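Some notes on the structure that comes next.
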Amino acid sequence: MSFFFSNFFNKKNSAPVAKDRLQILLAHERSATSNQSDSDLIQKLQKEIMAVIQKHITIDQEKIQIKVDKGSACSTLEIDIEVPQQYK
Amino acid sequence: MSKVIVITSGKGGVGKTTTTAAIGAALAKTGQKVVVIDFDVGLRNLDLVMGSERRVVFDFINVIQGEASLSQALIKDKRIETLSILAASQTRDKDALTEDGVKKIIDELKEKFDWIICDSPAGIERGAKMAMHFADEAIVITNPEVSSVRDSDRIIGILDSTTEKAQKGEKVIKHLLITRYATNRAAHGDMLNTDDILDILSIPLIGIIPESDEILRASNLGTPVTLSAPDSAPSRAYTDAIKRLQGEKIEITIPTDKKGFFDWLLKRNR
Ligand SMILES: Nc1ncnc2c1ncn2[C@@H]1O[C@H](COP(=O)(O)OP(=O)(O)O)[C@@H](O)[C@H]1O
Ligand SMILES: [Mg+2]
């Protein structure tokens, strides 16, 4: 019985989570250009950030990671730059 | 040595994507480096089941066509450090999955990961053929139901004839995973029996995954079931399956969620 109750009370329903996730995802997918513009933006950012950094230190393209998290109200960009040992 | 595994079935809706996520997460949880790849170009879903749908910018096809590097396209799982996903393209054509392009990516992935798990689309078209083409091993997903068994038989034939291994005169190692197994239906004798399926398909059984509401919950949450409910019946079945995949000899059981009952033990003499 204890198993039943812990199951019953501790777990929130998962359907509302599913609905939220779908709404955010579909809002992005339905705007047909959004995927293309996301990847265009990332590619532009990557190039320009590279250019700025290259003025000061030499790093390779792969060491700059730009990741996106698409939200309902806003999306976030996460920029990860791995700096070589000698500059630390 | 990294291993390329294809999760395949012929038929749609049998549990390939669910299995890819569950097995990928279970293997990664043990510290091994795992990447799961969605080959379902145009109808991607693995990202959704893995909970990374909001973070997809570049996909498999972008990498093949040189528009993004592999490291740009790989999405790291937020829960397990050693798990990554490579999404399928939602907008491109399946023809973009060229043999050379896929090979190049898989070779590159082999340098970074211990396990490369390819989630095949349904059917026997290009996406499905490419998903299995470079596989070392295949997990054939079958539901205890006539059309699923028939389609699995077809897929086994294709694994033995068109893959890279087959062309070299070698064999893709094949495992049968029976999913959506309903113990109550089995008890009533209305479901194809495991022994019958094994007799017909004659490839070794790697596990039996019971039908479970935890699977639905897991996909609602975007968390592989082996993470969302690691002690549930399907997770225990998946965890045993990955142990067998790694060569452990464990007796096949059908776990149930009814605690207090013993897991159904399948006495087999194979
Ligand atoms: N063991 C299971 N118990 C209950 N539902 C399952 C199980 N395995 C898969 N499903 C459900 O079956 C449906 C199809 O699964 P999916 O993994 O997407 O199949 P495929 O990738 O083969 O098309 C999904 O709704 C999934 O939640
Ligand atoms: Mg699928």
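Residue numbering restarts at 1 for every chain, and letters A, B, ... go by the order of the sequence lines. Bear in mind the structure is a predicted one, so any value in this text is a computation, not a measurement.
Residues Val68(A) and Arg55(B) form no side-chain contact, since every pair of their non-hydrogen atoms from C-beta on lies 4.5 Å or further apart.
By the neighbour-count criterion of 12 heavy atoms within 6.0 Å, atom CG of Asp213(B) is sparsely surrounded, having that number or fewer from other residues, nucleotides or ligands. For Lys104(B), the NZ atom sits in a loose shell: 12 or fewer heavy atoms of surrounding residues, nucleotides or ligands are nearer than 6.0 Å.
The distance from atom CZ of Phe58(B) to atom NZ of Lys67(A), rounded to the nearest 0.5 Å, is 9.0 Å. Rounding to the nearest 0.5 Å places CZ of Arg54(B) at 4.5 Å from CD1 of Ile24(A). Summarising the geometry, atom CD belonging to Gln90(B) is positioned 14.0 Å from atom NE2 belonging to His28(A); distances are rounded to the nearest 0.5 Å.
The minimum heavy-atom distance linking Val56(B) with Lys70(A) is given by the pair O-NZ, 2.7 Å.
Of residues 218-225 of chain B, those residues lying under 4.5 Å from chain A by any heavy-atom pair are Ser219(B), Asn220(B), Leu221(B), Gly222(B). Using non-hydrogen atoms only and a strict 4.5 Å limit, the part of residues 66-83 of chain B facing chain A consists of Glu67(B), Ala68(B), Ser69(B), Ser71(B), Gln72(B), Leu74(B), Lys78(B). Near-neighbour residues of residues 46-55 of chain A relative to chain B, defined by a heavy atom under 4.5 Å from a heavy atom of that chain, comprise Gln46(A).
Heavy-atom pairs under 4.5 Å with chain B were tallied for Thr76(A), Leu25(A), Leu41(A); the largest tally goes to Leu25(A).
With sequence neighbours excluded, the residues forming a side chain to side chain contact (heavy atoms under 4.5 Å, CB included) with Asn45(B) are Leu48(B), listed by chain and number.
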